[in-house]
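Source: prediction; values computed, not measured. In this chain, residues are counted from 1 in sequence order.
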Amino acid sequence: MPELKLSFFGHGGDYNPDQWRHIPGTLDEDIRLMKLAGCNLMSVGIFSWAALEPEEGRYDFDWLEEVLDKFAENGIHAFLATPSGARPQWMSAKYPEVLRVEENGIRRIHGVRHNHCFTSPVYREFVRRINTALAERFGHHPAVVGWHISNEYGGECHCELCQAAFRQYLKDTYKTLDNLNHAWWTGFWANTVTDWNQLHSPTRIGETHVHGLNLSWKRFVSHQTLDFMKAEIAPLREITPHLPVTTNLMTFFDGLDYFRFGDVFDFASFDSYPAWGRGESDEDEALTAAFNYDMMRCILKKPFALMESTPSQVNWQKVDKLKKPGMHFLSSMQAVAHGADTVQYFQWRKSRGSWEKFHGAVVDHVGHEHTRTFRDVAEVGDALKKLTGVLGSGTESDVALIYDLNNRWALDNSQGPRFEKHYVETLLEHYRALTRLGVNVDVVDQTYDFEGYRVVAAPLMYLIKPGVGERLEAFVEKGGTLIVTCRTGCVDQDDLCFLTGFPGPLRRVTGVWAEECDGLWDNERNGIRLSTGETYACRDMCDLIHAETARVLGEYTGDFYAGMPALTVNDFGAGRAYYIASRPEQAFLDAFYAKLLPEAGVRPLADNLPVGVQVAAREGEQGRYLFFMNFSRRPAKVELPAGTDALTGEAVFGEAELPVSGVRIVKCQEV
């Protein structure tokens, strides 16, 4: 696969010159402003199909060629987009099969983006044609450095074409109806399938209670989206094998299994829109952003592109807060700290009309550079020029946190012991405890290679895929430390319960048997009393476990199971496995990991971080860079290592104050 090899940090945004062609001089003015803001990389043509092909078979690429030519003349580069995210009106009118069908069987009319069927041969053919034409015309243009495939893939279609494709997917997966009936446990409620044509997608007007069906449909939507993406990329690979391809992914999007996308694109791209300014601190928003950045970095184990962010505010949150002074610089550097090699925005110039006319952009409606937002963007552009030593560097981590979409789908779909399982919230609580201790964290799925880590945490790992239990057992046996929680190891890949006692494949390595699980009301709490005397609250779900070979480190304090194990550890080979039998309060996790990490041999990047201050490291041929970032909304003191301030060139060492939204980037002294 081709690599994205930039000799500069990419800085720019989503550029839509076709929307401004009626105003003479706009392109030249935009290029002047791009250079002034230090912007050097634009995504062009994302929703431009109607401008690129105004009527069937007639392409108008001249305007795009003018843009790319002027980019090349001015040292600006482009991710050239394929326009499949939004088809033109003429196509929907003449070929209605390209439009999606809803769960109720009604075909949608033309409207919004991503209202197209991924299975439709007609739509695929139109995409193939325009992608081929774009590649032939611009694939070797000096301004083009990569392909931006579509935009924020998502959604599903229930048309007959998709139903037929779903049935074929099930045939390929299960081979026989006997296998499918067993995997889905269809004898329950007389759901036994006797003909492949009886199978349909789960909908409100049909079947939604067969968990194997629901899980298979989720997997199929990912499969079919990827199949469409592969078809979309095929002519680009053939004509421009030197250009890398990507598509932009979204925060905690649960519609697609992003870890499967790494087999298709060459580098990951991400759209990040935290709600900065909500609450008394920005720590929670910063944690969510960092978690997703760490996942993007781990999809292909290399730097990613921050493809979209806002330089000011969005227009679709419940309350659209402006970024306070310093926050744009801080949030941009956070992305770089966690592995981004570009900082890009939606969008370059604010739209004059329609849905996103008040969404933040680099250039405001007033059209000049004399705005606070433009100055903030220029500040980032200036800093990125000074950070070329970071470009392309990696992230070393001793700690992995497992986030798996198949597990999320199955857990969210499961009945009992309570409706809300709080999977994402629980993951973020563990992530918060780890990052507060100043360590890099890799966010991985179950298929990842666990070798090389010292600690692997797998909260709420309800579904366990084949072979994962064995690999985690081997990880612990060789000296690793594993942390699991309540509701672990309940079902296999088909959502069938393990019959060997929960936590299923992890029973031997954890040394416990989870006999029952009690669901707690939202306002209900139990407690965990540790053998060392401390007591913490716990909530949501409480596993009633029996210590078999494990040692008990804490017990429940309340209800009829008071005195039963709530925290255990099992020595297994050269390592150990912990079982946290409930969802404990944050203070428990903070103390738990503070004790565990040193015992596991994990060294922090920095000691004694104030709450709300994050640290992250990137290292490569140019050395090690530490990023200290203050999201607490109050000044904070940190201990800087010996080295050089990467932005000022000054020597640093020892205590330093981080102002509100402050950032210090240290190139560490070689030892």
Side-chain angles (χ1 to χ4, degrees), residues 252 279 281-295 298 334 337-338 395 397-403 421-444 453-461 480-488 525 527-530 532 534-541 553-554 566-569 576-617 628-632 636 638:
F252 278 126
S281 167
D282 284 307
E283 183 191 17
D284 287 348
E285 293 300 315
L287 284 165
T288 299
F291 183 102
N292 280 274
Y293 293 148
D294 288 340
M295 180 174 69
C298 289
Q334 184 196 29
H338 287 268
T395 301
S397 178
D398 289 328
V399 180
L401 183 61
I402 296 179
Y403 169 53
K421 314 302 190 304
H422 296 296
Y423 179 50
V424 168
E425 294 88 339
T426 301
L427 285 165
L428 287 172
E429 288 162 0
H430 285 254
Y431 184 79
R432 178 184 290 108
L434 290 164
T435 54
R436 278 179 173 175
L437 293 168
V439 297
N440 284 332
V441 179
D442 282 354
V443 177
V444 305
Y453 295 114
R454 294 180 183 271
V455 174
V456 172
L460 292 175
M461 195 164 65
T481 299
L482 173 67
I483 301 96
V484 297
T485 71
C486 60
R487 223 58 188 149
T488 289
R525 297 292 182 270
I528 301 173
R529 181 181 296 111
L530 301 183
T532 50
E534 300 93 338
T535 300
Y536 299 94
C538 59
R539 60 199 188 281
D540 286 1
M541 296 177 286
L553 301 179
L567 173 66
T568 64
V569 62
R576 55 182 53 178
Y578 290 86
Y579 198 102
I580 304 172
S582 185
R583 182 187 173 199
E585 62 178 300
Q586 187 67 51
F588 171 95
L589 293 174
D590 289 346
F592 173 77
Y593 282 110
K595 184 174 185 296
L596 180 147
L597 292 188
E599 292 176 351
V602 178
R603 298 179 60 185
L605 301 170
D607 293 315
N608 303 316
L609 286 176
V611 172
V613 173
Q614 288 187 2
V615 62
F628 293 84
M629 300 161 285
N630 183 9
F631 293 96
S632 69
V638 295

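The shortest side-chain heavy-atom distance between V399 and L597 falls under the 4.5 Å cut-off. Looking at heavy atoms from C-beta onward, L589 lies in side-chain contact with I580 at the 4.5 angstrom threshold. Using a 4.5 Å heavy-atom cutoff, the side chains of Q586 and R432 are in contact. Contact check for V613 versus V615: no side-chain heavy atoms found under the 4.5 Å cut-off. Proximity of E429 to H422: side-chain heavy atoms (C-beta onward) are nowhere separated by under 4.5 Å. Looking at L530 and F588, their side chains come closer than 4.5 Å, going by heavy atoms from C-beta outward. Looking at T485 and P584, their side chains never come closer than 4.5 Å, going by heavy atoms from C-beta outward. Counting heavy atoms from C-beta outward, Y593 and V439 have side chains that stay 4.5 Å or more apart.
Under the 3.5 Å distance criterion, the side-chain polar atoms of T481 are left unmatched by any main-chain donor or acceptor of V455. Remark: the backbone N or O of R603 is not paired with any side-chain donor or acceptor of D398 at under 3.5 angstrom. A donor-acceptor pair is defined here as one N or O able to donate and one able to accept, closer than 3.5 Å; no such pair exists between the side chain of D442 and the backbone of C298. A donor-acceptor contact shorter than 3.5 Å is absent between the side chain of Q334 and the backbone of M629. Without hydrogens or angle criteria, E585 side chain to A537 main chain gives a donor-acceptor distance under 3.5 Å.
Between V611 and R436, the shortest heavy-atom distance links the atoms CG1-NH2, 3.7 Å. For G438 against L609, the heavy-atom pair with the smallest separation is CA-CD1, 3.6 Å. Taking each heavy atom of M541 and L460 in turn, the nearest pair found is CE-CD2, 3.8 Å. Between A400 and V444, the shortest heavy-atom distance links the atoms CB-CG2, 4.2 Å. Scanning both residues, Y423 and P459, for their nearest heavy atoms gives CE1-O, 3.5 Å. Residues C486 and A581 share a closest heavy-atom pair of CB-O, 3.1 Å.
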Chi angles and distances behind the salt bridge (Lys or Arg N to Asp or Glu O under 4.0 Å) call for R583, E425
CA-CA 10 Å; R583 182 187 173 199; E425 294 88 339; 5.8 Å; no
Kindly indicate, with the supporting measurements, whether the criterion side-chain contact (heavy atoms from CB on, under 4.5 Å) is fulfilled by L428 and F252.
CA-CA 11 Å; L428 287 172; F252 278 126; 4.2 Å; yes
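How far OH of Y453 is from OG of S397: 6.0 Å, rounded to the nearest 0.5 Å. Annotation: the span from Y578 atom OH to I483 atom CD1 amounts to 8.0 Å, rounded to 0.5 Å. Summarising the geometry, atom CG belonging to D294 is positioned 3.5 Å from atom OH belonging to Y431; distances are rounded to the nearest 0.5 Å. Here the straight-line distance linking atom OG1 of T288 with atom CG of L427 works out to 11.0 Å at 0.5 Å rounding. The structure places CG of D590 at 9.5 Å from CG of L434, a figure rounded to the nearest 0.5 Å. For the atom pair CG (L401) and NE2 (H430), the distance works out to 8.0 Å, reported to the nearest 0.5 Å.
In this pair, H338 and Y293 present their aromatic rings tilted. The plane angle is within the 30 to 60° band.
Environment of CZ in R529: sparse, with no more than 12 heavy atoms of neighbouring residues, nucleotides or ligands closer than 6.0 Å.
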